[in-house]
Amino acid sequence: MEEKEGEQIVTPWEVAAADKGGKIDYDKLIDKFGCQRLDKALVDRVAHLTCRPPHVFLRRGVFFAHRDFNDILDAYERGERFYLYTGRGPSSEALHLGHLVPFMFTKYLQDAFKVPLVIQLTDDEKCMWKNLSVEESQRLARENAKDIIACGFDISRTFIFSDFDYVGGSFYKNMVKIAKCVTYNKVVGIFGFTGEDHIGKVSFPPVQAAPSFPSSFPHLFSGRDNPRCLIPCAIDQDPYFRMTRDVAPRLGYHKPALIESSFFPALQGETGKMSASDPNSAIYVTDSEKDIKNKINRYAFSGGQDSIENHRKYGANLEVDIPIKYLDFFLEDDEELVHIRTEYGAGRMLTGEVKKRLIEVLTELVKRHRAARAAVTEEMVDAFMAVRPLPNMFS
């Protein structure tokens, strides 16, 4: 789709604000994509239905938009089943904290609703978009699977698959059915493909769409009713599922529901997504305690004033302060976060103090993840990726 000059760009492969160095306007994005704002009433309803406090990402609006999430909750309340679907494009050896966000939230959803989960590793996509070899894409998929498993998913409810290994049979039949429903003009309009893009890119969207339909997994859902699908993802993935939702009724399936997150900001400022090409733009799960401390102190953009005197007088600009934004994601204690925001915004707390607390929070998070990742064996990866029934997945 052609973008007008000065218009923000959000696609699965490119995120750019309207003004260079500006922020993504999520209200405009909701209007453009046609999704809905996730309001407090829905968050409260999740807490009521699951009998547990809503996840920090729900409470603080990290997951801020949805498509038909209310229908999923209605179905759940009626005793009907649904499953979760999320994924990862394995283009790098290590994940950064932004990559963990959807998996941390998906684990909460799996635990809260006690439902099965399919996780797609799009090694074929990254082979085509990142100019990786088939073998390297497959290797990265397996390495990324270890980080995903380390998030704590329940093996009795979770199936992880890579496209290169799994696509075929019923899954491929759904891909073909989807592809027949989408014209070339339609896919160009949704994704912005040009004449310079190879045909592999144009043919890929049905691959990411197919897991939205339960018959793509006959070992899990064979003989069952047509369970709904809920997809937790970042909002840049929305174009895939707008397409999927268009074709679902024509194929006899429920439209997949989505719950969508904002982007995790780069250390240098909230200009969209982080860049994998700049290691100093993000905290990685492989970073040491020293790395984390150095990156936060040197690169995390501060909304504090240029002198202590001015800071005490005017306080910090919390709208642009990255340490505050990272604490919004990862500091569990709501009361402590309110206290830090109040004191820092009033100038009674200095940037160095806020960064110190963030370093503690992120060091503990990364340390915990690395320990869990170290415990993941090749046999565990094989077990999660084995094509098998999950007889207790709705228990």
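All of these numbers come straight from a predicted model, not from anything done at the bench.
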Item to check | Evaluation steps, side chain to side chain donor-acceptor pair (under 3.5 Å), between N185 and T183 | outcome: CA-CA 5 Å; N185 285 342; T183 66; 5.5 Å; no

| request: Report the C-alpha separation of K356 and I296 in whole Å, then their side-chain angles, then the decisive distance to 0.1 Å, and conclude whether the side-chain contact (heavy atoms from CB on, under 4.5 Å) test is met. | output: CA-CA 9 Å; K356 180 175 182 290; I296 297 299; over 6 Å; no

- prompt: Going through the distances and angles, do I148 and F153 end up as a side-chain contact (heavy atoms from CB on, under 4.5 Å)?
  reply: CA-CA 8 Å; I148 293 168; F153 292 108; 3.7 Å; yes

Stepwise, does the side chain to side chain donor-acceptor pair (under 3.5 Å) test hold for E260 with Q237? CA-CA 9 Å; E260 301 176 313; Q237 298 301 301; over 6 Å; no

Is there a side chain to side chain donor-acceptor pair (under 3.5 Å) between Y299 and Q268? Walk through the geometry before answering.
CA-CA 6 Å; Y299 300 109; Q268 286 84 351; over 6 Å; no

Could you walk me through whether T158 and Q110 pass side chain to side chain donor-acceptor pair (under 3.5 Å), step by step?
CA-CA 9 Å; T158 306; Q110 183 183 58; 2.9 Å; yes

| request: Test D236 against T11 for side-chain contact (heavy atoms from CB on, under 4.5 Å), laying out the working first. | output: CA-CA 5 Å; D236 61 337; T11 73; over 6 Å; no

Please lay out, stage by stage, how E336 and R357 fare under the test salt bridge (Lys or Arg N to Asp or Glu O under 4.0 Å).
CA-CA 11 Å; E336 185 184 359; R357 183 66 182 113; 2.6 Å; yes

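Proximity of R245 to L258: side-chain heavy atoms (C-beta onward) are separated by under 4.5 Å at one or more points. When side chains are defined from C-beta on, Y344 counts as touching H311, because their heavy atoms get closer than 4.5 Å. Side-chain contact between F241 and S212 is present, with at least one heavy-atom pair separated by less than 4.5 Å. Taking 4.5 Å as the limit, some side-chain heavy atom of Y314 sits within range of a side-chain heavy atom of Q305. Within the 4.5 Å cutoff, side-chain heavy atoms of K107 are placed close to those of D111. K201 places none of its side-chain heavy atoms less than 4.5 Å from the side chain of F191. Between N70 and H66 there is a side-chain heavy-atom pair separated by less than 4.5 Å. No side-chain heavy atom of D328 sits under 4.5 Å from any side-chain heavy atom of V62.
Closest non-hydrogen pair, A257 versus D68, comes out as CB-O, 3.6 Å. Looking at every heavy atom in both residues, N174 comes nearest to S216 through ND2-OG, 2.9 Å. Contact record, K114 with R157: O-NH1, 3.5 Å, taken as the closest heavy-atom pair. Across all non-hydrogen atoms, the minimal contact from Q8 to L29 is NE2-N, 3.8 Å. When all heavy atoms of I322 and P265 are compared, the pair lying nearest together is CD1-CB, 3.9 Å. Considering every non-hydrogen atom in both F103 and I119, the closest pair reads CE2-CG2, 4.0 Å.
Every side chain to side chain donor-acceptor pair (under 3.5 Å) that N144 has, sequence neighbours left out, goes to R88.
Below 30°, between 30° and 60°, or above 60°: for W13 and F193 the angle between ring planes is between 30° and 60°, a tilted geometry. Between H96 and Y284, the angle of the ring planes goes over 60°, which puts this pair in the perpendicular group of the 30/60° scheme.
Looking only at distances, no side-chain donor or acceptor of R228 sits under 3.5 Å from a matching main-chain atom of A75. Checked by atom type and distance alone, the side chain of T50 never pairs as donor or acceptor with a backbone atom of F113 at under 3.5 Å. K293 places no side-chain N or O within 3.5 Å of a backbone atom of I359 that could act as its donor or acceptor partner. A donor-acceptor pair is defined here as one N or O able to donate and one able to accept, closer than 3.5 Å; such a pair exists between the side chain of E353 and the backbone of L350. Of the possible donor and acceptor atoms, none in the side chain of K355 sits under 3.5 Å from a partner among the backbone N and O of R298. The backbone N or O of H48 lies less than 3.5 Å from no partner atom in the side chain of R52, so there is not a single donor-acceptor pair. For D123 (side chain) and F164 (main-chain N/O), a donor-acceptor pair under 3.5 Å exists by modelled atom type. Under the 3.5 Å distance criterion, the side-chain polar atoms of T363 are left unmatched by any main-chain donor or acceptor of E360. The backbone N or O of P54 sits less than 3.5 Å from a side-chain atom of R59, completing a donor-acceptor pair. A donor-acceptor pair under 3.5 Å is formed between the side chain of S133 and the backbone N or O of E136.
For the ring pair (Phe, Tyr, Trp, His ring centres under 6.0 Å) with F63, the qualifying choice from F105, F329, Y108 is F105, the only one to do so. The side chain to side chain contact (heavy atoms under 4.5 Å, CB included) test with F330 singles out one residue from V56, V101, L100, I283, and that residue is V101.
Counting non-hydrogen atoms of other residues, nucleotides and ligands closer than 6.0 Å to CG of L49 gives a total above 12. With a 6.0 Å radius and a threshold of 12 heavy atoms from other residues, nucleotides or ligands, Y172 has its OH atom at or below the threshold. By the neighbour-count criterion of 12 heavy atoms within 6.0 Å, atom CD of E319 is sparsely surrounded, having that number or fewer from other residues, nucleotides or ligands. Other residues, nucleotides and ligands place more than 12 heavy atoms under 6.0 Å from the CD atom of E378. Heavy atoms of other residues, nucleotides or ligands lying less than 6.0 angstrom from CD of E289 number 12 at most. Atom CG of D31 has more than 12 heavy atoms from other residues, nucleotides or ligands within 6.0 Å.
A donor-acceptor contact closer than 3.5 angstrom is absent between the side chains of S156 and N392. The closest side-chain donor-acceptor pair between H254 and D71, if any, does not fall under 3.5 angstrom.
Taking the six-membered ring for Trp and the full ring otherwise, F159 and F384 have centroids separated by 6.0 Å or more. Between Y83 and F221, a ring centre-to-centre spacing shorter than 6.0 Å is recorded.
K146 has a carboxylate O that lies under 4.0 Å from a charged side-chain N of E143, or vice versa, which qualifies the two as a salt bridge.
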